[in-house]
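Step one of this worksheet: look at the structure below.
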Amino acid sequence: MNNVYQNDVVIAGAGPTGLMLACELRLAGIEVVLLDALTARTGQSRAGGINARTMEILDQRGLMERVLPHGYVFRGRGPGHFAGLPIEFRDLATRYPTGLVITQADIETQLDRYATELGAPVQWDSPVADLEQDSDGVEIRVGGAHGRRIRAAYLVGCDGGRSTVRKLAGIEFAGTDATMVGTIADAELADPPPGWILTERRGPGDFSVLPLQPGWFRLMVNRHDRVIDHAAQPSFEDFRASFREVAGTDYGMHSPRWVSQFGDAARLAERYRSNRVLLAGDAAHIHFPAGGQGLNTGVQDAANLGWKLAAVLHGGAPEALLDTYESERRPVAARVLQNTRAQTALMRPGPHTEALRDTLAGLFDIDEVRNRLGGMLFALDVRYDVGDGHPLSGYRVPDVDLTVPAGGTRVHELLRGGRPVLLSLNGTRPRIGDWQGRIDVVEARCDASRWSVPGLGDIPAPSAVLVRPDGHVAWAADGPCDTGLLEALSAWVGPSTAAHRARQ
Ligand SMILES: Cc1cc2nc3c(=O)[nH]c(=O)nc-3n(C[C@H](O)[C@H](O)[C@H](O)COP(=O)(O)OP(=O)(O)OC[C@H]3O[C@@H](n4cnc5c(N)ncnc54)[C@H](O)[C@@H]3O)c2cc1C
């Protein structure tokens, strides 16, 4: 094979993870080919919402304006829960404490549009069928009607739980098997219940009735007396019968637009990277959809990986930067698997589970317990090991109000360009060596004397912060100190401009 790349990055799979990654890469000027095995989008609703951290990530790129009109925010006692036990997360320090009810289909449509605008339209009917790696790149055989070979510097498998890319790369997907089955339908109801039903436990399982869109309800029934059979796709009549058996009524359900089933198998890729092949989203982790964390974790994977690939491909950053993708994101997915396993265990029928649920429900009145769970379920407390000693380093930067010469702004708004941002607050001017032009330096006034950070608590406002493109803090300082900043720039942006030029 020769060393000339036809492409920088090929992405297999145009679900939410692949789409978000394509947008991130295009924003950084990377050439992207986005392939999907389907012949067109199915329009299946699938996931029913996005959480606080995903909303923040979309907001960091100015995408919330596109997404918000297609969803709605639960008012009052929100949909927050752990294993169906309601929890109010109103105290969480985020602009989006309640999450957004929106179908995965709508999220995909918006990201698809944005990816196309940025120059990465989906190439449909293009399943990755085989791959071969060498030291410079990956050669990919694409099947489908337009079979072809493509070469790229990197291939990212965002091709879902049954990922072909993961199998071709020989990456194990170990975990626990399913112990139950959930079935789901989006349908209209002739006789809906008053309000909505988060979870009601009856006999062998539980059921839910949630408003999804005007006139449409999301209906779910979980059964612990049977285990998912992937070979048997349930019909609407199967769903109705199972729901009625548990709920004692079917609320006059009719006109389904989607029926599906899911289990609680929980598996995690043993590696996220095999040389020039990486995995993201469901291709790297699957679990029970408790608390709706799957799509969110995938979008957050993409936000972590995109800028790193761009820094390695165009910024002179060492390949080792890509290893931080696995060391940062795999533990996050492992924690999601654990909390969904815990939730499934708490959903099992029987008096012992009932006693455990009652005990936990009492603990949810404690602020600290609620905030700890909220930080975890909404991925707001994620901290990466960035090797800097400041308490804020590694956490996601809070969206604090700032004043810049042009007027009012806020931290997340400053991340729209997808570039690293050095916030120089209240007159501190840290020295940035010869990294000028490669990061955005923003001098701002910050009136808040304390910053509130899920997972960390309230801390005195720092004097300067280096924020990575994914919104995580790479370095921070108090007072007029800039010790460690050049090391952080070198680690997360790439070697100094002089060192980079000397190497070329
Ligand atoms: C009932 C249910 C409810 C859920 N609710 C929520 C929720 O509320 N919130 C939440 O965050 N998550 C939820 N999830 C999980 C969520 O749907 C998934 O985590 C999400 O779809 C993962 O996105 P992805 O892009 O990684 O993979 P996918 O959405 O599976 O996309 C993978 C894409 O890859 C394509 N593909 C497959 N093979 C190939 C190949 N060889 N080559 C090229 N392309 C290929 C597929 O066609 C597909 O388009 C729910 C899941 C279920 C089942």
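Indexing begins at 1, ligand by ligand and atom by atom, following the structure's order.
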Query raised in the report: Does Arg95 come within less than 4.0 Å of Asp59, counting only side-chain N to carboxylate O?
Result: no
Query - Gln293 and ligand 1 - part of the residue with a heavy-atom distance under 4.0 Å - result: backbone
Report summary line: If you scan protein heavy atoms around atom 18 (C) of ligand 1, the nearest is Asp282 OD2, 3.4 Å
Requested in this report: Would you check whether Ala283 has a nitrogen or oxygen atom less than 3.5 angstrom from a nitrogen or oxygen atom of ligand 1?
Outcome: no
Query raised in the report: Just by distance, with hydrogens left out, do Asp186 and Gln213 show a side-chain donor and acceptor under 3.5 Å apart?
Result: no
Query raised in the report: Any donor-acceptor pair under 3.5 Å linking the side chain of Arg166 with the backbone of Gly161?
Result: yes
Requested in this report: Just say parallel, tilted or perpendicular for the rings of Phe89 and Phe378, cut-offs at 30° and 60°.
Outcome: perpendicular
Requested in this report: Measure from atom 12 (N) of ligand 1 to every heavy atom in Leu19, Asn296, Leu295 and give the option owning the shortest one.
Outcome: Leu295
Query raised in the report: Any idea which of Ala129, Gly18, Ala37, Pro289 brings a heavy atom closest to atom 43 (C) of ligand 1?
Result: Ala37
Report task. Would you check whether Gly49 has a nitrogen or oxygen atom less than 3.5 angstrom from a nitrogen or oxygen atom of ligand 1? Result -> yes
Query raised in the report: Which protein non-hydrogen atom lies closest to atom 32 (C) of ligand 1, naming both residue and atom, and how far is it?
Result: Cys158 O, 3.4 Å
Query - Protein residue, atom and distance nearest to atom 28 (P) of ligand 1, heavy-atom basis - result: Arg46 NH1, 3.8 Å
Requested in this report: Run the salt-bridge test on Glu117 and Arg26 with the 4.0 Å N-O cut-off and return the result as yes or no.
Outcome: no
Query raised in the report: Should Gly298 be listed as contacting ligand 1, given a heavy-atom distance under 4.0 Å as the test?
Result: no
**Report entry** Residue, atom name and distance, where the atom is the protein heavy atom closest to atom 8 (O) of ligand 1
**Finding:** Gly48 N, 3.1 Å
Query raised in the report: N/O of Gly281 under 3.5 Å from N/O of ligand 1, yes or no?
Result: no
Query raised in the report: For atom 31 (O) of ligand 1, which protein heavy atom lies nearest, and how many Å away is it?
Result: Gly15 CA, 3.6 Å
Query raised in the report: Which is closest to atom 42 (N) of ligand 1 by heavy-atom distance: Leu35, Val128, Thr183?
Result: Val128
**Report entry** Short N-O contact, Asp470 and Arg329, less than 4.0 angstrom
**Finding:** no
Query - Minimum non-hydrogen distance to atom 38 (N) of ligand 1, winning option of Asp159, Val122, Leu168 - result: Asp159
Requested in this report: Identify, for atom 25 (O) of ligand 1, the protein heavy atom at the shortest distance, and state residue, atom and that distance.
Outcome: Thr17 N, 3.0 Å
Report task. Please could you name the atoms of ligand 1 that Gly13 approaches to less than 4.0 Å, counting only its heavy atoms? Result -> 33 (C), 34 (O), 35 (C), 43 (C), 44 (N)
Requested in this report: Determine whether the side chains of Arg244 and Thr249 contain a donor N or O and an acceptor N or O closer than 3.5 Å.
Outcome: no
Report task. Starting from atom 49 (O) of ligand 1, locate the nearest protein heavy atom and write down its residue, its atom name and how far away it is, to 0.1 Å. Result -> Asp36 OD2, 2.6 Å
Report task. Please determine if Arg41 and Glu108 form a salt bridge, counting it only when a charged side-chain N lies under 4.0 Å from a carboxylate O. Result -> yes
Report summary line: Closest to atom 14 (N) of ligand 1 among protein heavy atoms sits Ala47 CB, 3.8 Å
